Amino acid sequence: MAEITHARVLKIAGPIVLSNATIPILGAVDTGVVGQLGLPAPIGAVGIGAVILSSIYWVFGFLRMGTTGLVSQAHGTGDSAEVSAGLMRALIIAGLAGLGLILLQIPLFWAAFRIAPASDEVESLARTYLGIRIWGAPLTISLYAFTGWLIALERTRGVLVLQVTMNALNVGLDLLFVLSFGWGVAGVAAATLISEVAGVTLAIWLCRAAFANGLWRARAIFDRVKLATMARVNTDIMLRSILLQASFTAFLFLGAGQGDVTLAANQVLVQFLNITAYALDGFAFAAESLVGQAVGAHSVLRLRRAAVVSSQWGVGGAALLGAAFFLAGPWIIDLMTSAPHVREEARAYLPWIAAAPLIGIASWMLDGIFIGATLTREMRNAMLLSVAVYAGALALLIPALGNHGLWAGLMVLNATRGITMARLYPRAELKARGAN
């Protein structure tokens, strides 16, 4: 098995960083093309429709992480049949989940519009958007599985090709359907659906090794022990992710109670956190793949090397981002908003943003290490404890410090996650030794 080097980590991480950089562009184009219609309702409809679907699909993000962890371990063991079977199991779940969403679309969308009500015109257009895009549910969810499989085998260039191809096609069809054909909101939805069909087709080709060797037809796909392990891993990841999302949602809602200007400033600064996630994801993904292979190969030394090298790059990236936010933050804020009061308010909380990458990097890298080692129960339990500490911190800090207390609470959440998982790290080495 190849040596774990800095070049190897960068080879895995680089394409992920580039791939993530294309994601915000698509959202901007979707908004921009309907904005050319000169009416506010289509913009709102595309926005709320995209949020509803992304919130639903986000629940199935466990397929990406779970597939990476389990398949990378099988790859490290040299079990080709299980490498193929791991993808097939994930695709079966994706297909069933997507079919379920299609069948349940009426109550799902009804509930969504009760939670986030809109005007009659916006809701009508949004329902048109959702009614088209929901047919891509099995495709969208299956892309989590394909992506996880490619990352597990260090084929992240394939992830980049897949993401760029889908987004480029989507942008091109947006321009054609909306600006040339005049299809409006329906054109945006159709462009996304077609790009999803093309994306899955390309993903099948990129993952053709899993289909070509015939091992995927084996009864191993339905092995009870493997299915139980997959169910446990994915359930733990889903619960952990729900807790994390609930914590971040609470941050946004509590920010709304600080006044309109502070809420707007927080929304601007949250974009810095999104940039951080996009930029550092690649190093965490490298840890997932390399740690998983080390566990599969029962090599503690390889696991340590994978954890250390990937984390070195993660820490370096976090330091650079923190410095960039500190030095260029005011200029970036001015690009994002022209409102003087919002600019001033955002600058007041900029030090928290500069510190955020360094405070959070331990939790993000340990997430990758634990996913690779499939220590998902430990991840879940660490998140439970961290959320409890976070809630206590918010209760104490917000009354005393206002919005500064809210940001401090978010830093406490990430710091606690890092500390709790660091204390549990020895379990990853135990697992690499073959202990349960």
Side-chain angles (χ1 to χ4, degrees), residues 56-104 137-153 200 203-204 207-243 288-289 291-298 367-381 383 427-428 430-432 434-436:
I56 293 172
Y57 292 151
W58 172 88
V59 174
F60 300 97
F62 62 81
L63 274 181
R64 205 285 302 159
M65 293 179 276
T67 301
T68 298
L70 294 169
V71 171
S72 63
Q73 289 182 22
H75 182 55
T77 306
D79 188 347
S80 298
E82 184 56 27
V83 168
S84 295
L87 175 60
M88 301 310 149
R89 292 189 199 104
L91 291 176
I92 290 170
I93 292 174
L96 292 174
L99 179 60
L101 292 178
I102 291 172
L103 295 175
L104 295 172
L139 307 175
T140 302
I141 299 172
S142 70
L143 285 167
Y144 289 129
F146 284 119
T147 300
W149 193 84
L150 289 168
I151 292 170
L153 302 184
V200 168
I204 291 171
C207 300
R208 60 193 180 280
F211 303 91
N213 57 21
L215 295 172
W216 62 276
R217 300 185 185 91
R219 293 181 181 178
I221 294 175
F222 301 102
D223 181 281
R224 290 186 179 182
V225 174
K226 300 292 186 182
L227 286 172
T229 299
M230 182 181 186
R232 175 187 60 77
V233 166
N234 287 334
T235 300
D236 288 338
I237 293 173
M238 182 173 66
L239 291 173
R240 167 261 181 196
S241 298
I242 289 172
L243 286 168
E288 292 177 24
S289 176
V291 166
Q293 292 176 43
V295 169
H298 298 298
D367 273 347
I369 292 166
F370 277 38
I371 288 168
T374 56
L375 294 177
T376 53
R377 181 179 60 184
E378 287 79 2
M379 286 178 65
R380 180 200 66 199
N381 292 343
M383 182 60 70
R427 297 190 185 183
L430 283 175
K431 190 159 188 178
N436 293 324

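For clarity, every value in this text was computed on a predicted model and none was experimentally measured.
- Nearest heavy atoms, Ser289 versus Leu153: OG-N, 4.5 Å.
- Among the candidates Asn234, Thr235, Asp236, the single residue satisfying the side-chain hydrogen bond (donor to acceptor under 3.5 Å, both in side chains) test with Thr376 is Asp236.
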- Criterion side chain to side chain contact (heavy atoms under 4.5 Å, CB included) on Ile204 and Phe146, from CA distance to verdict: CA-CA 8 Å; Ile204 291 171; Phe146 284 119; 3.8 Å; yes
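- Looking at Thr67, its side chain never comes within 3.5 Å of a backbone N or O of Trp149 through a donor-acceptor pair.
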- Message: Please evaluate residues Leu87 and Val71 with respect to the criterion side chain to side chain contact (heavy atoms under 4.5 Å, CB included), reporting the C-alpha separation (whole Å), side-chain torsions for both, the decisive distance (0.1 Å), and the verdict.
- Response: CA-CA 8 Å; Leu87 175 60; Val71 171; 5.5 Å; no
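- The backbone N or O of Gly148 lies less than 3.5 Å from a partner atom in the side chain of Thr68, making a donor-acceptor pair.
- Taking 4.5 Å as the limit, every side-chain heavy atom of Arg89 sits out of range of all side-chain heavy atoms of Phe222.
- Ser72 places a side-chain N or O within donor-acceptor distance of the main-chain N or O of Gly69, the cut-off being under 3.5 Å.
- Within the 4.5 Å cutoff, the side chain of Phe60 has no heavy atoms near those of the Trp58 side chain.
- Ionic pairing of Glu378 and Arg240 is not present here: no N-O contact between side-chain nitrogen and carboxylate oxygen is shorter than 4.0 angstrom.
- Between Leu70 and Lys226 the shortest side-chain heavy-atom distance does not fall below 4.5 Å.
- Considering only heavy atoms from C-beta on, Thr374 comes within 4.5 Å of Lys431 through its side chain.
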- Is there a side chain to side chain contact (heavy atoms under 4.5 Å, CB included) between Leu143 and Leu139 once you walk through the steps? CA-CA 6 Å; Leu143 285 167; Leu139 307 175; 5.6 Å; no
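- Remark: side-chain polar atoms of Gln73 are paired, donor with acceptor, to backbone N or O of Gly372 under 3.5 angstrom.
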- Task: Under the side chain to side chain contact (heavy atoms under 4.5 Å, CB included) rule, what do Leu101 and Tyr57 come out as? Steps first, then yes or no, please.
- Result: CA-CA 10 Å; Leu101 292 178; Tyr57 292 151; 3.9 Å; yes
